[in-house]
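Down below is the structure, laid out as C-alpha cells.
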Amino acid sequence: MLHDRANVTESVQTDAQVPTRRHILVVEDNDADVFLLKEAIALHKLNVGVHVVENGALAISYIESIDGNPVSDGPCLCLLDMNLPLRSGPEVLRHLRRSQRLAAIPAIVMTSSRSQTEREEIMRLGASAYFHKPITYGEFMDIGNVLRCFLPASHA
Amino acid sequence: MNETATLAAPTPADTEERILILAPRGRDANLIAGTLAEDGIHTAVCPDASSLVEWLDEGAAAAIVAEEALTRECVTEITRFLESQAPWSDIPFVVLTSGGRPNPATNRRAHELGVLGNITFLERPVRPATVLSSMRAALRARLRQYEMRRRQETLTRVNADLEQFAYSASHDLQEPIRNVAIYSDILSMRYNQVLDQRGLEFLGNVKSAAYRMQTMVSDLLCYTQAASIADEPVEQCDANAALAAALSILSETIPGNATITASSLPAVRVRKVHLQQIFQNLIGNAIKYRGDEPLRVEISALRNDGYWFFSVQDNGIGIATEYLEQVFGIFKRLHTHKKYPGTGIGLAICQRIVERYRGRIWVESAPGKGSTFIFTVPT
C-alpha cells in the first residue's frame with residue numbers, strides 16, 4: 001500500500017496522462033461494454049481504477065508512454081477487446097508482450113467471436129485469459145471474477 | 001513485325017502468345033518462324049531442348065517440335081510440364097514427324113507424348129500453309145484457355161470476397177446484437193417500476209428478437225466457415241467415429257424411447273469435424289421433427305459408382321414434395337418458430353460441406369412417411 005502511494009505521488013508530477021490510482025488498462029471502443037465493465041468492477045468490489053483507450057493505436061502509444069517514463073505508475077492488468085479501430089487487438093497484444101515494463105502483466109482478451117482459430121491465435125500471442133462476451137447481463141458480470149483471478153492480491 | 005518484336009522487351013502477353021519452335025537441325029525452325037511472322041504470330045526459336053522446357057515454364061501459346069529433337073530427357077521434361085499444367089491449361093503441341101525414314105526411338109517417344117497432351121502430328125515435308133493453319137488453330141485454342149483462366153480467377157476472387165464479407169458481417173454484427181440483449185436485461189431489471197405490463201412485454205420481445213438474431217448470426221458464421229475448406233488433401237476419416245461423436249453431442253436431446261441404428265460405415269476423405277457436423281444436423285433434425293411414433297433413425301452407407309452414398313432415414317413427420325429442394329436453402333424454414341425452434345441453416349451447412357467435397361445431398365420424403373436424407377462423397 002505504501003509503495004502504491006509513493007507511485008501515485010510520482011505519477012501526479014509527470015506530464016503523461018497516467019491515472020493516479022493503481023489501474024487496469026481497458027482497450028475497448030464500445031462505450032456500452034465499457035459501462036458494463038465498470039459495473040462488473042463495482043459489483044465485485046474490485047479496488048482498481050480504469051483507464052480506457054478507445055482504439056488500438058491509442059493503446060500502443062499508451063504502452064509506449066509507460067515504457068518511456070520509468071517512474072510512472074503503469075497498469076496492473078490489461079483488458080483488451082479484439083475488434084478495434086486503427087490497430088487490431090492482436091497487434092496491441094504483441095506490443096504489450098514486447099514492452100519493457102508491461103510484458104509481464106496479465107492480459108485478458110475479450111471478444112464476441114467464438115472462433116476457435118482466433119482463440120488459439122490470441123493465446124499464442126500471450127493472452128492470460130480469454131473472455132467470450134456473453135449475451136446476458138448476468139453472464140457479462142462474470143468478467144469481474146476473471147479480473148479478480150488476475151489482479152494482484154491487494155486489489156482483488 | 002518481327003523486328004519490333006525483337007526490339008521491345010517481351011511483355012507477359014507476348015510471352016503467353018508466343019509459339020515456341022524447337023527444330024535444331026536444318027532450316028525448319030527459321031522457315032516456320034518466317035511463315036508465322038508474316039501472319040503476325042510471335043515465335044521464339046529454341047536453341048536446344050532445355051531452353052524449350054525453360055521457356056514453356058515462362059509461358060507460351062503452343063510449341064512446334066521436330067521429332068528428332070525429342071531426346072529421352074526432352075520427353076521426360078515435356079511430360080513433367082504437361083502433367084503439371086493448371087486445370088484450365090491444355091497447351092497445344094505440334095510434332096513434325098520425319099517423312100521418309102522415321103527413327104523408331106524418337107517416333108515412339110513422339111507417340112508417347114501424344115497420349116499425354118494436346119498433340120498434333122504433321123508429317124514432313126510440311127507446306128507453309130499447313131503449318132500456318134495448324135498454328136492459327138493452336139493459338140486460337142490457347143486464347144480460349146486464357147479466357148477460361150481469367151474467368152476462373154475472377155470467380156475464385158469473387159467467391160473469396162463474398163466469403164470474407166459474410167464472415168466479417170456476421171462477426172461484426174454480433175457486437176451490437178449482444179448490446180441490445182444486455183441492455184434490454186438492464187432495462188427490465190432497473191426500470192420495471194417505470195414500465196407498465198405492456199412495456200415489459202415489448203421489452204421481452206426486443207430481447208427475444210435479439211437472441212434469435214444472435215443465433216442466426218452465429219449460424220451464418222458457422223455456414224461461412226463450413227465453406228472455407230481449402231482444397232488441400234484430406235486424411236481418411238472413420239465415419240463410425242464421426243457418427244459416435246455426433247451422437248454423443250446429441251445425447252441429451254435423444255428421447256428415451258428412440259432407436260438409433262447404424263450399419264458399419266466406411267472411412268472417407270472428409271474432415272471429421274465436417275462429417276460429424278453433417279450427422280449432427282441430420283440426426284438432430286430427425287429428433288426435432290419426430291412424429292407420434294417412437295423415433296427410429298437408421299444410418300447406413302453403400303458404395304456405388306465411385307461414391308459412398310450415406311443415408312439417414314427417420315420415421316418422422318416428413319416433408320411435402322414441393323418443399324424437398326427448399327429445405328436446403330439458407331434460413332429456410334417450413335414451420336413457425338414456436339412449433340420447431342431453429343434458424344433453418346442446418347441443412348444449408350450440410351449442403352455446403354458436401355458440395356465442397358464434390359458430393360451431393362438430397363432428401364426423399366413424404367408427409368407422415370418419414371424422411372431419408374442421402375449424401376454422397378467420392379470414394
Side-chain angles (χ1 to χ4, degrees), chain A residues 26-44 52-56 79-92 108-122 130-146, chain B residues 163-192 200 203-204 206-230 232 245 249 271-274 276-277 343 345 349:
Chain A
V26 174
V27 192
E28 171 63 82
D29 63 319
N30 183 345
D31 289 343
D33 283 343
V34 171
F35 175 83
L36 293 171
L37 196 63
K38 287 179 176 165
E39 290 236 334
I41 289 173
L43 194 75
H44 286 83
V52 182
V53 293
E54 61 183 8
N55 65 53
L79 195 55
L80 177 66
D81 184 38
M82 272 298 103
N83 204 0
L84 291 167
L86 302 180
R87 307 288 287 272
S88 71
E91 278 180 275
V92 176
I108 300 169
V109 166
M110 302 178 290
T111 165
S112 303
S113 155
R114 280 192 189 276
S115 153
Q116 187 60 32
T117 32
E118 188 183 280
R119 185 181 183 140
E120 281 161 14
E121 166 77 1
I122 289 164
Y130 174 96
F131 184 72
H132 175 256
K133 288 181 181 175
I135 195 167
T136 66
Y137 178 82
E139 288 171 294
F140 201 109
M141 291 302 112
D142 287 346
I143 187 83
N145 285 326
V146 181
Chain B
E163 247 154 54
Q164 183 56 42
F165 168 78
Y167 177 80
S168 3
S170 41
H171 195 268
D172 294 347
L173 281 172
Q174 304 231 356
E175 191 99 346
I177 298 166
R178 213 172 32 73
N179 282 144
V180 172
I182 292 182
Y183 279 82
S184 310
D185 274 348
I186 297 182
L187 274 177
S188 58
M189 285 188 302
R190 293 189 196 161
Y191 295 85
N192 56 356
L200 285 172
L203 199 53
V206 170
K207 207 182 340 184
S208 63
Y211 285 171
R212 239 168 65 206
M213 187 139 167
Q214 148 86 11
T215 319
M216 285 170 94
V217 164
S218 66
D219 281 356
L220 197 59
L221 205 57
C222 182
Y223 178 78
T224 57
Q225 281 166 350
S228 59
I229 313 161
E232 60 205 36
I249 286 180
R271 292 223 181 99
K272 190 184 169 203
V273 282
H274 291 135
Q276 179 186 331
Q277 175 96 69
T343 55
I345 209 164
I349 290 177

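Chain letters run A, B, ... following the sequence lines, proteins first, then strands; residues in each count from 1.
- The CD atom of Glu175(B) lies 6.5 Å from the CG atom of Asp29(A); values are rounded to the nearest 0.5 Å.
- The CG atom of Asp33(A) lies 6.5 Å from the CD1 atom of Ile182(B); values are rounded to the nearest 0.5 Å.
- Heavy atoms closer than 4.5 Å to chain A are found in the side chain of Tyr183(B), but not in its backbone.
- Using a 4.5 Å cut-off between heavy atoms, Glu139(A) does not touch chain B at all.
- More than 12 heavy atoms of other shown residues, nucleotides or ligands fall within 6.0 angstrom of atom CD in Glu91(A).
- Atom-to-atom distance recorded for Gln174(B):CD and His132(A):NE2 is 6.0 Å, nearest 0.5 angstrom.
- Applying the 6.0 Å contact sphere to CE of Met141(A) captures more than 12 heavy atoms from other residues, nucleotides or ligands.
- At least one donor-acceptor pair closer than 3.5 Å links the side chain of Asp185(B) to the backbone N or O of Tyr137(A).
- Put simply, CG on Asp172(B) and CG on Asn83(A) are 5.0 Å apart, with the number rounded to the nearest 0.5 Å.
- In summary, of the residues considered (Asp31(A), Ile135(A), Asn30(A)), a side chain to side chain contact (heavy atoms under 4.5 Å, CB included) with Asn179(B) occurs for Asn30(A) alone.
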